[in-house]
**Student:** 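My questions all concern the structure below.
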Amino acid sequence: MKKIAVTAIKEGAVFSAPVYIEGNNMFVPAGIAVRKKDIARLQSWGVQSVETEGRLIDAASAPEAPGAAPPEGIYEDDDAHSSYMELIERLDEVCASIAGNTPVQASSIDSIASQILKAVREQRHSFIGFILGGEIKGYSTAKSLVNIAILSALMAQELKLPDCKVTRVVTGALLHDTGMSRVPAEIVEKKGGLSPPELQRVQSHTLYGYKIVTRELLYPEDVGLIVLQHHERWDGEGYPRRLSALAIDMGARIVSVADAFEAMVSQKPYRNSMMGYHAMKNLLSDNLRRFDPDVIKAFIQIMGIYPIGSIVLLNNGALARVVNVQGIAPLRPQIKILVNESGTVFKHDEGDSVDLLVEKSLFIAKAVDPREASAAYA
(Lines give C-alpha, C1' and ligand atoms only; values in the text may rest on other atoms or scores of the structure.)
Protein backbone atom coordinates (compact mmCIF):
# COMPACT_ATOMS: atom_id res chain seq x y z
CA MET A 1 0.00 0.00 0.00
CA LYS A 2 1.22 3.49 -0.82
CA LYS A 3 0.02 6.58 0.97
CA ILE A 4 -1.46 9.58 -0.84
CA ALA A 5 -1.92 12.93 0.88
CA VAL A 6 -5.52 14.12 0.86
CA THR A 7 -4.31 17.52 -0.34
CA ALA A 8 -2.97 15.82 -3.49
CA ILE A 9 -6.33 14.29 -4.46
CA LYS A 10 -8.36 16.31 -6.95
CA GLU A 11 -12.02 16.07 -7.86
CA GLY A 12 -12.46 13.54 -10.69
CA ALA A 13 -9.37 11.52 -9.76
CA VAL A 14 -9.72 7.80 -10.56
CA PHE A 15 -7.54 4.97 -9.27
CA SER A 16 -6.86 1.50 -10.68
CA ALA A 17 -7.42 -0.14 -7.27
CA PRO A 18 -9.65 0.67 -4.27
CA VAL A 19 -8.53 3.54 -2.05
CA TYR A 20 -8.75 3.04 1.71
CA ILE A 21 -8.87 5.15 4.84
CA GLU A 22 -6.69 3.74 7.66
CA GLY A 23 -6.22 0.46 5.77
CA ASN A 24 -9.73 -0.92 6.46
CA ASN A 25 -12.41 1.50 5.40
CA MET A 26 -12.95 2.01 1.70
CA PHE A 27 -12.89 5.63 0.54
CA VAL A 28 -13.66 4.98 -3.14
CA PRO A 29 -13.73 1.79 -5.26
CA ALA A 30 -11.44 1.18 -8.23
CA GLY A 31 -12.49 2.97 -11.41
CA ILE A 32 -14.87 5.39 -9.67
CA ALA A 33 -14.20 9.13 -9.83
CA VAL A 34 -13.59 10.97 -6.57
CA ARG A 35 -16.30 13.54 -5.93
CA LYS A 36 -15.87 16.97 -4.39
CA LYS A 37 -17.98 15.96 -1.40
CA ASP A 38 -15.80 12.86 -0.89
CA ILE A 39 -12.75 15.08 -0.46
CA ALA A 40 -14.69 17.44 1.81
CA ARG A 41 -15.73 14.49 3.96
CA LEU A 42 -12.10 13.43 4.47
CA GLN A 43 -11.14 16.98 5.39
CA SER A 44 -13.99 17.24 7.91
CA TRP A 45 -12.81 13.99 9.55
CA GLY A 46 -9.26 15.26 9.79
CA VAL A 47 -7.89 12.47 7.60
CA GLN A 48 -4.41 13.38 6.36
CA SER A 49 -3.78 10.55 3.88
CA VAL A 50 -5.36 7.53 2.20
CA GLU A 51 -3.85 4.26 0.93
CA THR A 52 -4.06 2.28 -2.30
CA GLU A 53 -2.22 -0.43 -4.19
CA GLY A 54 -3.30 1.15 -7.48
CA ARG A 55 -2.27 4.11 -9.55
CA LEU A 56 -3.97 7.23 -10.85
CA ILE A 57 -5.69 6.53 -14.19
CA ASP A 58 -7.51 8.60 -16.79
CA ALA A 59 -10.71 9.95 -15.28
CA ALA A 60 -12.32 10.30 -18.71
CA SER A 61 -12.47 6.53 -19.11
CA ALA A 62 -14.24 5.88 -15.82
CA PRO A 63 -17.76 6.42 -14.44
CA GLU A 64 -18.34 9.79 -12.78
CA ALA A 65 -20.44 8.58 -9.89
CA PRO A 66 -20.79 5.49 -7.67
CA GLY A 67 -24.12 4.68 -9.30
CA ALA A 68 -22.64 4.39 -12.80
CA ALA A 69 -21.84 1.01 -14.32
CA PRO A 70 -18.35 0.00 -13.11
CA PRO A 71 -15.66 -0.86 -15.65
CA GLU A 72 -14.67 -4.45 -16.24
CA GLY A 73 -12.60 -5.99 -13.50
CA ILE A 74 -14.03 -4.20 -10.46
CA TYR A 75 -14.71 -6.53 -7.57
CA GLU A 76 -18.34 -7.08 -6.65
CA ASP A 77 -17.62 -6.04 -3.04
CA ASP A 78 -16.26 -2.70 -4.24
CA ASP A 79 -19.49 -2.03 -6.10
CA ALA A 80 -21.56 -3.19 -3.14
CA HIS A 81 -19.63 -0.98 -0.73
CA SER A 82 -20.19 2.02 -2.97
CA SER A 83 -23.94 1.31 -2.92
CA TYR A 84 -23.85 0.86 0.86
CA MET A 85 -22.11 4.22 1.33
CA GLU A 86 -24.57 5.90 -1.01
CA LEU A 87 -27.50 4.62 1.06
CA ILE A 88 -25.91 5.94 4.25
CA GLU A 89 -25.21 9.36 2.72
CA ARG A 90 -28.73 9.69 1.35
CA LEU A 91 -30.33 8.69 4.64
CA ASP A 92 -28.02 11.05 6.53
CA GLU A 93 -29.47 13.92 4.47
CA VAL A 94 -33.02 12.78 5.31
CA CYS A 95 -32.17 12.57 9.03
CA ALA A 96 -30.65 16.07 8.95
CA SER A 97 -33.79 17.45 7.31
CA ILE A 98 -36.10 15.84 9.86
CA ALA A 99 -33.92 17.05 12.76
CA GLY A 100 -33.96 20.56 11.30
CA ASN A 101 -37.74 20.53 10.78
CA THR A 102 -37.18 20.84 7.05
CA PRO A 103 -39.92 19.26 4.91
CA VAL A 104 -39.03 15.77 3.69
CA GLN A 105 -40.65 14.01 0.76
CA ALA A 106 -41.72 10.46 1.62
CA SER A 107 -40.65 9.49 -1.90
CA SER A 108 -37.00 10.03 -0.96
CA ILE A 109 -37.37 7.57 1.93
CA ASP A 110 -39.26 5.11 -0.29
CA SER A 111 -36.39 5.24 -2.78
CA ILE A 112 -33.87 4.33 -0.08
CA ALA A 113 -36.10 1.46 1.10
CA SER A 114 -36.36 0.15 -2.48
CA GLN A 115 -32.60 0.31 -2.92
CA ILE A 116 -32.09 -1.65 0.30
CA LEU A 117 -34.49 -4.36 -0.86
CA LYS A 118 -32.66 -4.57 -4.19
CA ALA A 119 -29.32 -4.79 -2.39
CA VAL A 120 -30.33 -7.64 -0.08
CA ARG A 121 -31.68 -9.56 -3.07
CA GLU A 122 -28.60 -9.11 -5.24
CA GLN A 123 -25.68 -8.60 -2.82
CA ARG A 124 -26.95 -10.11 0.40
CA HIS A 125 -23.66 -11.52 1.68
CA SER A 126 -21.73 -8.32 1.05
CA PHE A 127 -24.27 -6.16 2.86
CA ILE A 128 -24.41 -8.47 5.87
CA GLY A 129 -20.62 -8.35 5.97
CA PHE A 130 -20.61 -4.55 6.01
CA ILE A 131 -22.66 -4.55 9.21
CA LEU A 132 -19.79 -6.28 11.00
CA GLY A 133 -17.12 -4.56 8.89
CA GLY A 134 -14.97 -1.50 9.40
CA GLU A 135 -16.22 1.70 10.92
CA ILE A 136 -17.58 4.55 8.85
CA LYS A 137 -16.89 7.83 10.59
CA GLY A 138 -19.30 10.72 10.58
CA TYR A 139 -22.51 8.83 9.80
CA SER A 140 -23.23 6.89 13.00
CA THR A 141 -27.01 7.45 13.03
CA ALA A 142 -27.60 6.89 9.32
CA LYS A 143 -25.28 3.86 9.24
CA SER A 144 -27.12 2.32 12.19
CA LEU A 145 -30.52 2.86 10.57
CA VAL A 146 -29.40 1.40 7.22
CA ASN A 147 -27.96 -1.64 9.02
CA ILE A 148 -31.19 -2.17 10.97
CA ALA A 149 -33.22 -1.85 7.77
CA ILE A 150 -31.02 -4.45 6.03
CA LEU A 151 -31.41 -6.92 8.90
CA SER A 152 -35.15 -6.23 9.13
CA ALA A 153 -35.59 -6.86 5.40
CA LEU A 154 -33.83 -10.22 5.67
CA MET A 155 -35.92 -11.32 8.66
CA ALA A 156 -39.19 -10.20 7.06
CA GLN A 157 -38.33 -12.22 3.96
CA GLU A 158 -37.31 -15.26 6.02
CA LEU A 159 -40.66 -15.08 7.83
CA LYS A 160 -42.39 -15.14 4.41
CA LEU A 161 -44.21 -11.85 4.87
CA PRO A 162 -45.94 -10.46 1.75
CA ASP A 163 -43.78 -8.18 -0.37
CA CYS A 164 -45.86 -5.13 0.52
CA LYS A 165 -45.37 -5.85 4.24
CA VAL A 166 -41.63 -6.37 3.76
CA THR A 167 -41.42 -2.91 2.21
CA ARG A 168 -43.35 -1.43 5.15
CA VAL A 169 -41.00 -3.12 7.61
CA VAL A 170 -37.94 -1.67 5.86
CA THR A 171 -39.51 1.79 5.83
CA GLY A 172 -40.39 1.51 9.52
CA ALA A 173 -36.83 0.38 10.31
CA LEU A 174 -35.39 3.44 8.56
CA LEU A 175 -37.71 5.73 10.55
CA HIS A 176 -38.02 3.89 13.86
CA ASP A 177 -35.89 6.36 15.87
CA THR A 178 -37.14 9.50 14.11
CA GLY A 179 -38.70 10.75 17.34
CA MET A 180 -35.26 11.14 18.94
CA SER A 181 -34.93 14.34 16.92
CA ARG A 182 -37.62 15.82 19.18
CA VAL A 183 -35.77 14.94 22.41
CA PRO A 184 -33.55 17.78 23.72
CA ALA A 185 -29.91 17.32 22.72
CA GLU A 186 -28.71 17.85 26.30
CA ILE A 187 -30.64 14.73 27.33
CA VAL A 188 -29.62 12.62 24.33
CA GLU A 189 -25.94 13.52 24.74
CA LYS A 190 -25.86 13.40 28.54
CA LYS A 191 -23.09 11.29 30.00
CA GLY A 192 -24.12 9.22 32.99
CA GLY A 193 -27.54 8.25 34.29
CA LEU A 194 -30.76 10.01 33.41
CA SER A 195 -33.19 11.37 35.99
CA PRO A 196 -36.74 9.89 35.94
CA PRO A 197 -38.12 12.93 34.03
CA GLU A 198 -35.25 12.72 31.53
CA LEU A 199 -35.80 9.00 31.03
CA GLN A 200 -39.50 9.61 30.46
CA ARG A 201 -38.62 12.23 27.86
CA VAL A 202 -36.35 9.75 26.03
CA GLN A 203 -39.02 7.06 26.11
CA SER A 204 -41.47 9.53 24.58
CA HIS A 205 -39.45 9.38 21.35
CA THR A 206 -41.68 6.51 20.18
CA LEU A 207 -44.74 8.78 20.42
CA TYR A 208 -42.95 11.69 18.75
CA GLY A 209 -41.80 9.37 15.99
CA TYR A 210 -45.28 7.95 15.45
CA LYS A 211 -46.65 11.47 14.96
CA ILE A 212 -43.84 12.44 12.56
CA VAL A 213 -44.31 9.30 10.47
CA THR A 214 -48.11 9.31 10.29
CA ARG A 215 -48.94 13.04 10.41
CA GLU A 216 -45.97 14.74 8.77
CA LEU A 217 -44.70 12.09 6.37
CA LEU A 218 -48.22 10.66 5.92
CA TYR A 219 -47.22 6.99 6.08
CA PRO A 220 -49.95 4.42 6.81
CA GLU A 221 -50.67 3.06 10.26
CA ASP A 222 -48.64 -0.15 9.86
CA VAL A 223 -45.45 1.90 9.39
CA GLY A 224 -46.42 4.12 12.33
CA LEU A 225 -46.93 1.09 14.59
CA ILE A 226 -43.37 -0.09 13.95
CA VAL A 227 -42.11 3.29 15.13
CA LEU A 228 -44.50 3.39 18.09
CA GLN A 229 -43.96 -0.17 19.33
CA HIS A 230 -40.32 -1.07 18.65
CA HIS A 231 -39.51 -0.77 22.38
CA GLU A 232 -42.40 -3.00 23.49
CA ARG A 233 -41.27 -6.34 24.93
CA TRP A 234 -42.51 -9.89 24.48
CA ASP A 235 -43.03 -10.15 28.27
CA GLY A 236 -45.05 -6.91 28.45
CA GLU A 237 -42.39 -4.89 30.28
CA GLY A 238 -41.66 -2.45 27.44
CA TYR A 239 -42.99 0.96 26.51
CA PRO A 240 -45.00 3.06 25.72
CA ARG A 241 -48.07 0.82 26.28
CA ARG A 242 -46.66 -2.36 27.89
CA LEU A 243 -48.01 -4.54 25.11
CA SER A 244 -46.96 -8.18 25.08
CA ALA A 245 -46.49 -11.10 22.69
CA LEU A 246 -48.73 -11.09 19.61
CA ALA A 247 -50.35 -7.78 20.60
CA ILE A 248 -47.14 -6.14 19.35
CA ASP A 249 -47.04 -5.43 15.62
CA MET A 250 -44.94 -8.00 13.71
CA GLY A 251 -42.88 -5.27 12.05
CA ALA A 252 -42.06 -3.79 15.45
CA ARG A 253 -41.00 -7.24 16.72
CA ILE A 254 -38.65 -7.61 13.76
CA VAL A 255 -37.12 -4.14 14.11
CA SER A 256 -36.65 -4.72 17.84
CA VAL A 257 -34.35 -7.69 17.19
CA ALA A 258 -32.45 -5.90 14.41
CA ASP A 259 -32.04 -2.81 16.60
CA ALA A 260 -30.67 -4.83 19.53
CA PHE A 261 -28.16 -6.75 17.38
CA GLU A 262 -26.94 -3.65 15.57
CA ALA A 263 -26.50 -1.79 18.86
CA MET A 264 -24.33 -4.61 20.19
CA VAL A 265 -22.03 -4.93 17.17
CA SER A 266 -21.61 -1.23 16.39
CA GLN A 267 -18.81 0.88 17.79
CA LYS A 268 -20.14 3.47 20.22
CA PRO A 269 -18.34 6.47 21.76
CA TYR A 270 -18.76 4.94 25.20
CA ARG A 271 -17.77 1.31 24.48
CA ASN A 272 -16.19 -1.08 22.05
CA SER A 273 -18.37 -3.08 19.72
CA MET A 274 -19.32 -6.65 20.59
CA MET A 275 -18.35 -9.46 18.23
CA GLY A 276 -21.18 -10.89 16.13
CA TYR A 277 -20.88 -14.27 17.86
CA HIS A 278 -21.32 -12.79 21.35
CA ALA A 279 -24.19 -10.61 20.14
CA MET A 280 -25.93 -13.73 18.80
CA LYS A 281 -25.34 -15.50 22.13
CA ASN A 282 -27.00 -12.60 23.94
CA LEU A 283 -30.05 -12.80 21.68
CA LEU A 284 -30.27 -16.56 22.15
CA SER A 285 -30.24 -16.16 25.93
CA ASP A 286 -33.25 -13.83 25.87
CA ASN A 287 -35.66 -16.56 27.09
CA LEU A 288 -38.92 -14.90 26.02
CA ARG A 289 -38.21 -11.62 27.77
CA ARG A 290 -37.70 -9.03 25.04
CA PHE A 291 -38.10 -10.80 21.73
CA ASP A 292 -40.53 -12.93 19.73
CA PRO A 293 -38.96 -16.44 19.62
CA ASP A 294 -40.07 -16.93 15.99
CA VAL A 295 -38.27 -13.74 14.98
CA ILE A 296 -35.13 -14.87 16.83
CA LYS A 297 -35.32 -18.20 15.00
CA ALA A 298 -35.59 -16.42 11.65
CA PHE A 299 -32.61 -14.24 12.59
CA ILE A 300 -30.47 -17.29 13.34
CA GLN A 301 -31.47 -18.82 10.01
CA ILE A 302 -30.16 -15.82 8.08
CA MET A 303 -27.18 -14.85 10.29
CA GLY A 304 -25.99 -18.13 11.78
CA ILE A 305 -24.31 -18.32 15.17
CA TYR A 306 -21.19 -16.85 13.56
CA PRO A 307 -22.52 -14.05 11.29
CA ILE A 308 -21.00 -13.34 7.88
CA GLY A 309 -17.83 -11.32 8.36
CA SER A 310 -16.97 -12.92 11.71
CA ILE A 311 -13.33 -13.90 12.27
CA VAL A 312 -12.97 -17.40 13.73
CA LEU A 313 -10.18 -19.67 14.97
CA LEU A 314 -10.38 -23.28 13.79
CA ASN A 315 -9.40 -26.36 15.76
CA ASN A 316 -6.26 -26.75 13.60
CA GLY A 317 -5.06 -23.23 14.48
CA ALA A 318 -6.08 -21.60 11.19
CA LEU A 319 -7.75 -18.19 11.16
CA ALA A 320 -10.72 -17.65 8.84
CA ARG A 321 -13.55 -15.30 7.91
CA VAL A 322 -17.15 -16.48 7.69
CA VAL A 323 -18.45 -15.91 4.15
CA ASN A 324 -21.78 -17.76 4.23
CA VAL A 325 -24.06 -19.31 6.82
CA GLN A 326 -25.95 -22.59 6.73
CA GLY A 327 -29.47 -22.38 8.10
CA ILE A 328 -29.58 -26.13 8.74
CA ALA A 329 -26.24 -26.08 10.61
CA PRO A 330 -25.62 -22.63 12.14
CA LEU A 331 -22.39 -23.79 13.82
CA ARG A 332 -20.81 -24.97 10.54
CA PRO A 333 -20.68 -22.02 8.13
CA GLN A 334 -18.67 -21.63 4.94
CA ILE A 335 -15.37 -19.87 5.59
CA LYS A 336 -12.40 -18.29 3.81
CA ILE A 337 -8.94 -19.03 5.21
CA LEU A 338 -6.98 -15.90 6.20
CA VAL A 339 -4.05 -17.60 7.93
CA ASN A 340 -3.61 -21.37 7.47
CA GLU A 341 -2.39 -23.90 10.05
CA SER A 342 1.20 -23.41 8.85
CA GLY A 343 1.07 -19.66 9.42
CA THR A 344 0.82 -18.63 5.77
CA VAL A 345 -1.07 -15.33 5.46
CA PHE A 346 -3.48 -14.71 2.55
CA LYS A 347 -4.03 -10.98 2.15
CA HIS A 348 -6.03 -10.80 -1.07
CA ASP A 349 -8.74 -13.42 -0.58
CA GLU A 350 -6.41 -16.08 -1.96
CA GLY A 351 -6.99 -18.51 0.90
CA ASP A 352 -8.99 -21.70 0.47
CA SER A 353 -12.76 -21.67 0.75
CA VAL A 354 -13.93 -24.35 3.18
CA ASP A 355 -17.45 -25.68 3.78
CA LEU A 356 -17.49 -26.87 7.39
CA LEU A 357 -20.60 -28.87 6.64
CA VAL A 358 -18.45 -30.98 4.32
CA GLU A 359 -15.08 -30.85 6.11
CA LYS A 360 -16.17 -32.72 9.23
CA SER A 361 -12.65 -32.83 10.72
CA LEU A 362 -12.63 -29.03 11.08
CA PHE A 363 -14.71 -26.99 13.47
CA ILE A 364 -14.72 -23.50 14.97
CA ALA A 365 -12.86 -23.38 18.27
CA LYS A 366 -13.83 -19.79 19.07
CA ALA A 367 -14.72 -16.43 17.62
CA VAL A 368 -11.90 -13.89 17.51
CA ASP A 369 -12.06 -10.13 17.89
CA PRO A 370 -10.96 -8.70 14.50
CA ARG A 371 -8.75 -6.22 16.31
CA GLU A 372 -6.89 -9.06 18.02
CA ALA A 373 -6.56 -10.91 14.74
CA SER A 374 -5.21 -7.90 12.86
CA ALA A 375 -1.65 -8.43 14.14
CA ALA A 376 -1.52 -11.92 12.63
CA TYR A 377 -3.12 -10.74 9.43
CA ALA A 378 -0.99 -7.60 8.99
Side-chain angles (χ1 to χ4, degrees), residues 25 80-81 84-85 87-89 91-92 94-95 112-113 115-117 119-120 124-159 166 169-180 188 202 205-206 209 226-227 229-233 238 251-286 290-292 295-296 298-310 322 325 367 369-370:
N25 307 306
H81 194 275
Y84 178 65
M85 278 302 306
L87 283 166
I88 291 170
E89 290 173 356
L91 187 62
D92 185 66
V94 170
C95 292
I112 295 171
Q115 190 175 341
I116 286 174
L117 286 168
V120 298
R124 168 182 177 141
H125 293 164
S126 294
F127 274 73
I128 292 176
F130 297 149
I131 294 171
L132 297 178
E135 295 177 57
I136 297 173
K137 297 179 181 179
Y139 294 96
S140 59
T141 298
K143 176 183 177 241
S144 172
L145 293 172
V146 167
N147 288 346
I148 291 166
I150 291 167
L151 296 173
S152 297
L154 291 166
M155 280 187 280
Q157 291 171 346
E158 180 69 24
L159 289 161
V166 174
V169 169
V170 174
T171 305
L174 291 171
L175 297 169
H176 76 280
D177 262 349
T178 300
M180 290 299 290
V188 176
V202 169
H205 81 275
T206 57
I226 293 172
V227 178
Q229 298 179 4
H230 71 277
H231 279 295
E232 299 286 2
R233 292 170 47 124
R253 284 179 262 156
I254 290 171
V255 171
S256 176
V257 172
D259 188 18
F261 180 82
E262 202 281 336
M264 286 187 279
V265 301
S266 291
Q267 192 84 13
K268 304 293 183 185
Y270 49 86
R271 65 160 172 79
N272 291 329
S273 62
M274 185 182 293
M275 287 185 295
Y277 168 72
H278 291 305
M280 292 301 301
K281 279 184 63 178
N282 277 1
L283 291 179
L284 285 168
S285 65
D286 179 66
R290 291 182 61 188
F291 308 117
D292 179 345
V295 175
I296 292 291
F299 195 56
I300 294 169
Q301 289 292 313
I302 61 173
M303 296 294 285
I305 301 299
Y306 301 96
I308 291 172
S310 298
V322 175
V325 298
D369 191 319

**Student:** Going through the checks in order, is the side chain to side chain contact (heavy atoms under 4.5 Å, CB included) test met by Val94 and Ile112?
**Tutor:** CA-CA 10 Å; Val94 170; Ile112 295 171; 4.2 Å; yes
**Student:** Which value, rounded to the nearest 0.5 Å, describes the distance between Phe127 atom CZ and His81 atom NE2?
**Tutor:** 9.5 Å
**Student:** With a 4.5 Å limit on heavy-atom distance, are the side chains of Ile300 and Met280 in contact?
**Tutor:** yes
**Student:** Look up atom CD1 in Ile88 and atom OG1 in Thr141, then write down how far apart they are to the nearest 0.5 Å.
**Tutor:** 11.5 Å
**Student:** Please name the residue in the list Leu151, Ile148, Ile308, Val146 that meets the side-chain contact (heavy atoms from CB on, under 4.5 Å) test with Ile131.
**Tutor:** Leu151
**Student:** CG/Asp292 to CZ/Phe299 distance, rounded to the nearest 0.5 angstrom?
**Tutor:**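 CZ of Phe299 is found 13.5 Å from CG of Asp292.
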**Student:** Do Met155 and Val169 come close enough that some side-chain heavy atom pair is under 4.5 Å?
**Tutor:** no
**Student:** So which heavy atom on Arg253 is nearest to which on Val295, and how close?
**Tutor:**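 Looking at all heavy atoms of both residues, the shortest contact is O-CG1, 4.0 Å.
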**Student:** Taking atom CG of Leu154 and atom CD1 of Ile302, what is their separation to the nearest 0.5 Å?
**Tutor:**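 Rounded to the nearest 0.5 Å, the CG-CD1 separation comes out at 4.5 Å.
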**Student:** Grab the two heavy atoms, one from Gly276 and one from Val265, that are nearest each other, plus how far apart they are.
**Tutor:** CA-CG1, 4.0 Å
**Student:** Dump the intermediate steps for side chain to side chain contact (heavy atoms under 4.5 Å, CB included) on Lys143 and Asn147, then the final yes or no.
**Tutor:** CA-CA 6 Å; Lys143 176 183 177 241; Asn147 288 346; 3.8 Å; yes
**Student:** First locate atom CG of Asp92, then atom CE of Met85, and finally report the distance between them rounded to the nearest 0.5 Å.
**Tutor:**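 Answer for the CG-CE pair, Asp92 versus Met85, is 9.5 Å.
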**Student:** Of all the heavy-atom pairs spanning Ala260 and Phe291, show the shortest one and how long it is.
**Tutor:**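 Answer, listing the atom of Ala260 first, then Phe291: CB-CZ, 3.6 Å.
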**Student:** Tell me if a side-chain donor or acceptor on Ser266 pairs with a main-chain N or O of Ala263 at a distance below 3.5 Å.
**Tutor:** no
**Student:** Hey, what do you get for NE2 (His278) to CG (Leu283), rounding to the nearest 0.5 Å?
**Tutor:**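 Separation between the atoms: 13.5 Å.
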**Student:** Run the side-chain donor-acceptor check on residues 170-179: report pairs under 3.5 Å with partners two or more places apart or on a different chain.
**Tutor:**
from   : atom 1 : to     : atom 2 : distance (Å)
Thr171 : OG1    : Thr167 : O      : 2.9
His176 : ND1    : Ala173 : O      : 2.7
Asp177 : OD1    : His205 : NE2    : 3.1
Asp177 : OD1    : His230 : NE2    : 3.4
Thr178 : OG1    : Leu175 : O      : 2.6

**Student:** Could you report the tightest heavy-atom contact between Ala153 and Val120, atom names first, then the distance?
**Tutor:** CB-CG2, 4.3 Å
**Student:** Do Tyr306 and Val325 pass the side chain to side chain contact (heavy atoms under 4.5 Å, CB included) test, and can you show the C-alpha distance, the side-chain angles, and the key distance before you say yes or no?
**Tutor:** CA-CA 8 Å; Tyr306 301 96; Val325 298; over 6 Å; no
